[in-house]
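Only one structure is covered here, and it is reproduced in the block below.
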Amino acid sequence: MSMTDAPVLSRPAKSLLDLIGKTPMVEVTRIDTGPCRLFLKLESQNPGGSIKDRIALSMIEAAEKAGWLKPGGTIVEATAGNTGLALTLVGKQKGYKVLLVIPDKMSKEKIQHLRAMGADVRLTRSDVPHGHPEYYTDMAERLAQQIPGGYFVNQFANDANSEAHFKTTGPEIFEQMDGDIDAFVAGIGSGGTITGNARYFKAQGSKAKIILADPVGSALAGLINEGVPGPDGSYTVEGIGQNFMPETTDPDLIDVAYSIPDAEAIATVRELLLKEGILAGSSSGTLIATALRWCREQTEPKRVVTFVCDTGAKYLSKVYNDAWLADQGLAERELHGDLSDLINRKYAAGDVVVIGPEDTLDTAFKRMRGDGLSQLPVIQDGRLVGILDESDIVHILNTDDITRPERFAKPVSSAMTRDLDTLQVTESLDALIPVFDRDRVAIVLDGEAFVGLITRTDLINHLSLNR
């Protein structure tokens, strides 16, 4: 199939499993790629929304064939989310139970998705190294041994992982690119993607450069480039990067590695959505940022392939949430050296959830619940006139004088606090402590204009990011 051929529609499939693979390829045309052409294989178009559908089907079928996974058995795996989604998709279609151990930094969308699909999700610490009993792979292996009929998939050392890409992904890319590939960019999560594809390309006689995309804070780029682990650190990108080289990985196949900071990865993936209309996940930002760096370093035209590993719909609360990025110190923002630096959700920008004094307590409670808040500023004619806290609502409801519907119908003005702990934006951090000692939230003003709220968590986060 040439690059100009139109997509061919297939007849209805009998199962979602029949739709795994055969994903489309698209060229990047609105982002600066230097002298090169950059092509993205849209693995987000798999039924489970990620490239991991391929390996889940491969590993489960290999386990069935070997007799390690029998009817009524339980699939157990350590996963950053996408492999878990894929194993749950395939496993449930085949009638297995699924238990997943997931690091606690994963997006809530992934966790909610897994639980909705019927997976037993166990969260564990993301701040401990390989070998620690609470490290996700160690915990998963231990649980699999304790469960009758449990099968530990172990994607990090499972030959069927890289084999899935050797048999499916690599051939698809080679066909879609007419065998003309100068560079291939992938990350290492469990190691199968880069290994399986690189082996296939080399088996076809391809001279394509194999490039590793790695988050800053992962050890892998250092191991590839210098033979020693890179500086250890934390990173928010999900699904790729490790503090060890997975057994599935053949590092000799990799020519060079790039370390990409979280901020660059996230800026890249957001630019991809803005300019190309592609909603991609955080690891795709690392891959595409690496590909763009390599492309812009070239002096002659090259053809480069990388992935949209999964859909960005799984990261709306993180990568595509400006307030979350600010909380992580990943958003570009001007610092003023005053209390406004602690406020990531400013009233003037429309970021603060507010309520009016004539709104009902029922409306106020629904806004609190919907946004996970414990207090709301009360605004009238653009001015702050009070604050409504959960405890204020409780006091109104804790009466037998009127019915429950009547209590919720009371106006916010009947419950709100008018005695406000306000601080001017120019005051020091020390001014926050007495407010917090009174178990209040700090209300920050610039003159008479309401700027925003500061909680204890905001202060702790500010101090953590600015050590």
Side-chain angles (χ1 to χ4, degrees), residues 108 317-318 321-329 331 333 336 338-399 402 404-465:
K108 66 181 181 181
S317 65
K318 300 177 79 172
N321 180 341
D322 292 340
W324 182 86
L325 293 178
D327 288 340
Q328 302 300 312
R333 55 191 300 240
H336 302 281
D338 57 27
L339 291 181
S340 68
D341 294 342
L342 282 70
I343 303 173
N344 291 327
R345 298 158 182 82
K346 293 185 170 65
Y347 174 67
D351 298 331
V352 181
V353 180
V354 300
I355 197 77
E358 302 309 315
D359 289 321
T360 66
L361 294 180
D362 185 54
T363 299
F365 174 66
K366 287 176 179 175
R367 288 187 189 175
M368 286 181 179
R369 183 176 58 187
D371 288 271
L373 302 172
S374 57
Q375 66 276 315
L376 293 176
V378 184
I379 303 293
Q380 185 174 38
D381 299 327
R383 293 182 61 254
L384 180 74
V385 295
I387 192 161
L388 183 72
D389 188 273
E390 289 172 329
S391 60
D392 297 323
I393 299 177
V394 168
H395 287 312
I396 290 291
L397 298 182
N398 186 28
T399 175
I402 55 176
R404 186 172 298 169
E406 287 176 310
R407 297 175 212 170
F408 276 101
K410 286 179 105 24
V412 166
S413 58
S414 67
M416 71 184 192
T417 299
R418 291 179 170 82
D419 179 20
L420 304 177
D421 282 302
T422 62
L423 298 173
Q424 285 297 312
V425 71
T426 53
E427 296 188 54
S428 69
L429 294 183
D430 292 339
L432 294 169
I433 304 305
V435 177
F436 296 153
D437 284 344
R438 293 193 294 276
D439 201 27
R440 298 284 190 92
V441 61
I443 301 165
V444 180
L445 305 178
D446 185 0
E448 293 187 358
F450 175 50
V451 179
L453 304 177
I454 298 177
T455 65
R456 292 183 180 87
T457 300
D458 294 327
L459 175 60
I460 295 168
N461 190 57
H462 175 77
L463 295 174
S464 175
L465 291 173

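Distance alone, capped at 3.5 Å, places no donor-acceptor pair between the Gln328 side chain and the Leu325 backbone. Gln375 contributes no side-chain N or O that, together with a main-chain N or O of Glu390, makes up a donor-acceptor pair within less than 3.5 Å. At least one donor-acceptor pair under 3.5 Å links the side chain of Arg367 to the backbone N or O of Val354.
In this structure, the separation between CG on Asp389 and OG1 on Thr417 is 7.0 Å, given to the nearest 0.5 Å. With values rounded to the nearest 0.5 angstrom, Leu459 atom CG is found 5.5 Å from Ile433 atom CD1. For the atom pair Leu339 CG and Leu432 CG, the distance stands at 5.5 Å (nearest 0.5 Å). For the atom pair OH of Tyr347 and CD1 of Ile379, the computed distance is 4.5 Å after rounding to the nearest 0.5 Å. Taking CD1 from Ile443 and CD1 from Ile387, the interatomic distance works out to 4.0 Å, rounded to the nearest 0.5 Å. Once rounded to the nearest 0.5 Å, the distance linking CG of Asp341 with CD1 of Ile454 reads 9.0 Å.
Taking all atoms of both residues into account, the shortest heavy-atom contact from Thr360 to Ala409 is CG2-O, 3.7 Å. The heavy-atom pair separating Thr426 from Asp338 by the smallest distance is CA-CB, 4.3 Å. Listed here is the closest heavy atom pair of Lys346 and Ile343: NZ-O, 2.7 Å. Among all heavy-atom pairs drawn from Pro357 and Pro411, the shortest one is O-CB, 3.7 Å. Closest approach of Phe450 and Val444 over heavy atoms only: CD1-O, 3.7 Å. The two residues Leu376 and Val353 have their closest heavy-atom pair at CD2-O, 3.5 Å.
Listed by chain and number, the residues in a salt bridge (charged side-chain N to carboxylate O under 4.0 Å, His left out) with Arg345 are Asp327 (sequence neighbours excluded). Residues meeting the side chain to side chain donor-acceptor pair (under 3.5 Å) test with Ser414, sequence neighbours left out: none.
Residue Met368 is tested with Ile355, Ile393, Thr363 for a side-chain contact (heavy atoms from CB on, under 4.5 Å); the sole match is Ile393.
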Apply side-chain contact (heavy atoms from CB on, under 4.5 Å) to the pair Leu429 and His462, showing each step before the final yes or no. CA-CA 10 Å; Leu429 294 183; His462 175 77; 4.2 Å; yes
Please lay out, stage by stage, how Asp439 and Arg456 fare under the test salt bridge (charged side-chain N to carboxylate O under 4.0 Å, His left out). CA-CA 10 Å; Asp439 201 27; Arg456 292 183 180 87; 3.4 Å; yes
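By the neighbour-count criterion of 12 heavy atoms within 6.0 Å, atom CZ of Arg383 is sparsely surrounded, having that number or fewer from other residues, nucleotides or ligands.
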